[in-house]
Every structure is written in C-alpha cells, then in structure tokens.
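Order of the sequence lines fixes the chain letters, A, B, ..., with proteins taken first and strands second; residue numbering starts at 1 for each chain. As the structure is a computational prediction, the values presented were derived from the model and not from experiment.
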2 protein chains.
Amino acid sequence: MITKILSGNSRLKTDQLFEQLTVQEQEALLGPGVTHVYKKGEMLFRDGGIPTGIYYIRSGVVKKFKTTAKGGEQIFYLCGEGELIGYHALLGEELYSDSAATIIDSQITFIPKDDFVKVLRSSATLSNALLKALGHEFSLFINSITNLRTKSVRERLAFNLLLLDMKFNSSKQSDIASDIQLSRTDLANLVGTAKETLVRQLQEFKREGIIDKTDKTIRIVDRKRIIKEANLLGLNQKKSRSNIP
Amino acid sequence: MITKILSGNSRLKTDQLFEQLTVQEQEALLGPGVTHVYKKGEMLFRDGGIPTGIYYIRSGVVKKFKTTAKGGEQIFYLCGEGELIGYHALLGEELYSDSAATIIDSQITFIPKDDFVKVLRSSATLSNALLKALGHEFSLFINSITNLRTKSVRERLAFNLLLLDMKFNSSKQSDIASDIQLSRTDLANLVGTAKETLVRQLQEFKREGIIDKTDKTIRIVDRKRIIKEANLLGLNQKKSRSNIP
DNA sequence: CGGACAATTGAAGCCGGTCAAAACTGGTGG
DNA sequence: CCACCAGTTTTGACCGGCTTCAATTGTCCG
C-alpha cells in the first residue's frame, strides 16, 4: 500500500492521462483549442455551471474544490502541468459538481466540447485512457474518504505534505529539498481542517524538526519522520486511556 | 442541487449502467458468467486483491467498503439489484482498492475479465456507458467528501436515511412508508461515525417524531423534516455563541 | 507609512469517540 | 417452555481533538 502510494515514479498516475495519447491525438485535441493566460486566483468553471469543454494545463497549478454555502472551500485535488480537467461533468452528462481555479499564474488551453467528443468517438485510445484514469481516480477517492474518516489532522497534514512534495517538486536533487507554496487557507482546505488548527500543527512539526517553514514556504526536512507521521498503514496506536490504577 | 440529488427518478443514476446496454450486450456479458448464491456477510473481493472479473447483482445488496488496520470498516456505497461492481480496479489496471461483501443473501453473477474486456472492445456502447457512469460517480464522491468535511453526524445521518429510502424502497405507495434494514454497525460505518453516536442520534430523531424504529427497522415518518435535517444546501445556522452581553 | 490581508497565538467549549456496562434479542438445547 | 449464551442494541460517563471566536503580530505594496 505504501509502496503503491509512494512508488518512486516521479509523476503520479492520474497525471498521465494526456501523455498516453498519440501525438496525433494530442494535436487533434489541442489544435482547435484556445490558449489563455490566467492570473492566480481566476476561476475556470463553477459548481453548477454547464460544461462546454475541457481544459489542458500547459503550466501552472489549478485547484479543484467545492464551496459551501457559508463560504468555506473544500479542496480535493490539485492539478499540475500536463493534466486535463473538467472532463468528468462532460462524460457524466451533467452540470459541474465542483469548481476550478488557478492557484498560481497559469497557461491553460480550452478544448471545446465538440472537438473533445469528436476525438473521443474516433479514438479508442482516448476512450481507454479515460477509463483507466477514471478507474484509478476511484481508488484515490476511496483513500481520501478513508483518510478523512479515520485519520487525525496531524496524519492528514503529513500525508498531504508528502503528496505535495512528490507532485510539485521536480527538483529531485535531494530527498530533503522541497518547497511547497500554498496559502495556509488553501492548505487547510486541502487537508480538511480549520486554518488555525493547521497553523498549530505546522508549528508542531517545525518544533519537532520534521519540517522547516518561512512565511510562505514549507520544506520537508526529515522525510522519514513525516512518512511515519502520515501513518499510511493506519496502525495508529491511540494513547489508550488505560492507566490501570 | 437538491432537485438534482433527490430528483424523482425511482432509481439513481449510477444504477443504470447495465440497463443502458443493448440486450445483446447484456447477454454477451452475462452469458459466460457464473451465477452464485451468496449468504449474508460473504466477501466478493478484498482490498489489495487481484481483480479477475466483475460482478452483476441479480438480487440482494452489497456493501463496498474499506477496512482499517484496527478493524474498522468504512462503507462508502451500497449496491443493489441490477448493478455492476468491481470494474474500477479492472479499468484502472490495478489491485482492488476496496472490498465488497453481501449485506443480505444475494444472487450474483461473476463475469470473467476476458469476457468483460471482449465486450468492452467490441462495444462503443459499453465504453460510453462506463464513461458516463464513472463521470457521474465522480460527483457522488465529491459530495461524499464535502459532506464528511462539513456536515454534522445528524445531518449526514438524515441524508443517508433519505438515500437508503430512495434506493431500497421499491414500495412507492406512500411517502411515509419506508423500511430500512441495516445493522447499526453498518449504518454507522456508512454515515461515518461510531455506532454509539449513531444510536443516540437515531433515538433523537425518534423522540422528535421524524423517524420510527424497532429493533432492526427504521422508518421515515416525517419526510419533510428529514429533508430539512439533511440540510442539503449547507445553510446550517450554527447556534452562534453571540449572546452580546 | 498606513492599510489590507495573511499568519499566528490565546482561550473556551462543543461534538463526537472511546470505554464500560446494562438491556435486549434471537437461537439452542435440556 | 424455560434457562442460558452470544451477539447486538442501548445507555451512561468521560474527555480530548477541533472548531470557533477574538485579538495580536507580521508582511507586502501602493
């Protein structure tokens, strides 16, 4: 399980959807597309909106999230370079069930629905790649739900820091070097906790020498420890209240 | 959103995967299959196992869940009559990321991997039906995650009771008649809480006249109230601590 | 240099988890 | 038909992890 999640691949599996296509197919998709530069914080689409196409991230980072009526934001995925987004609603033939917005300045190509469908119809490769990607995403969601239900904030934070590090640190020079840029609020919404709780937990990790952090940067110092803290096996031995008087 | 989730269709969308296929395709799938009778509580497959085919539920109910190392069980979906299970891992080309077991005595057909793949290759319909189903499942997971993060046990319980009622009560005679059979433990694991907490919340609903229950049966008495309690809009007005002294 | 926003720290209290034990159920055999 | 056991449901008590509210510090820019 651990090996599965943290397997050495520099890129995670879901990222590979687009890469699996032939060059011809990639061009057929991107050809009709319109590339646009998004500033940090711009919305790509909104929960409840009508899907009119999909998006290809040439550079940048996009968060997928859902907003609650009270203004809260639940982030459940971060998309990076080379990933496609927005195809779920299109495939499911329904309205967007989530929103997407850039976290940093990004360059993104919009692929109109018709063009996407055309390639989809003519290419078994795309169809299969999508099935594979969606099948895989399923296991990610399972894990995500299980984590939310059974893990503490500390464990979830450690886990997310690991994922962020693996996904967004191309600088593979050293196990120890890794920087993560993400506002406290975003990180809290990704981990699924209040930002105050998040901050306190970060402090604690720093005090324990597991991470280092400046105002906007988090760096994993002790990789082994943070893997241990993430407790991927779920063996968490709750300090039992058994003082046996 | 509410209308979307609770739309009048007697069956929920995901159930319809198999139904979308032509009769020929259905037969091509089930033809080579082997039907087997499972007693309540039997496992179909286990987290970490190698997928060798998919399952079609002729009758009965199957829970999809994940076990934690400590023995806990996280249920995230209940499959009913006419549904397919186990295709995610096959499509994603990986090991099962979840387990499946019957909740009541069930009649289930096993479709070997090769036969499934054969039909998948030759039929654009199945391929498209799968894409649609998976795309839709995505939105269910989003909702599930959001619910876990932002809703109280009371709200989640109300929501799940509604879903159970809609999905497993073919007896459409009356809005009020509805029986749900599920052990307290299973229900707790479905809602995502401890069974003691669940029991207390059930008591409370009963005391408030929203539901009725005997030892193993739960019946929704006041449908409007329970919809309200589920708080599908997320407008939960937390009793603000503002006593303004 | 102030104004806005993000990050941090402090304090209080509730929700829900855990442990423990009682009440209830159904099934079994004497 | 009753006594008994095993499993499930229910009730009680406790308390700790998180959320929430509030206030302070830090930081980036115009």
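Note on A/Lys66 versus A/Asp98: no salt bridge recorded, every NZ/NE/NH1/NH2 to OD/OE distance being 4.0 Å or above.
Look at A/Ser152 and you won't find any side-chain N or O under 4.0 angstrom from OP1 or OP2 of D/dG17. In this model, the phosphate group of D/dC18 is not approached by any side-chain N or O of A/Thr193 to a distance below 4.0 Å at OP1 or OP2. For D/dT10, the OP1/OP2 oxygens have a side-chain nitrogen or oxygen of B/Lys213 closer than 4.0 Å.
If you check every strand for non-hydrogen atoms under 4.0 Å, A/Glu196 touches a base.
Whole-Å rounding puts the A/Leu157 CG to D/dC18 C1' distance at 14 Å. A straight line from CZ of A/Arg156 to P of D/dT19 spans 7 Å, rounded to a whole angstrom. A straight line from CD of B/Glu204 to C1' of D/dT10 spans 15 Å, rounded to a whole angstrom. Remark: C1' of C/dC19 and NZ of B/Lys70 are 15 Å apart, rounded to the nearest angstrom. Per the geometry, CD1 belonging to A/Ile103 stands 15 Å off C1' belonging to C/dA6, to the nearest Å. Counting to the nearest Å, the C1' atom of D/dT8 and the CG atom of B/Leu202 are 14 Å from each other. B/Lys195 places its NZ atom 17 Å from the P atom of D/dG12, with the value rounded to the nearest Å. Between the CD atom of A/Gln201 and the P atom of D/dG16 there is a distance of 17 Å, given to the nearest Å.
In A/Ile104, the CD1 atom is crowded: over 12 heavy atoms of neighbouring residues, nucleotides or ligands sit closer than 6.0 Å. For A/Lys195, the NZ atom counts as loosely surrounded, since its 6.0 Å shell holds 12 or fewer non-hydrogen atoms of other residues, nucleotides or ligands.
Of the listed nucleotides (C/dT18, C/dA11, C/dT8), C/dT18 has the atom at the smallest distance from the side chain of B/Arg200. The side chain of B/Thr197 has C/dG16 as its nearest neighbour among C/dG16, C/dA7, D/dT20.
Between the side chains of B/Arg58 and B/Thr35, a donor-acceptor pair is found at a separation under 3.5 Å.
Aromatic ring centres of B/Phe141 and A/Phe138: separated by under 6.0 Å.
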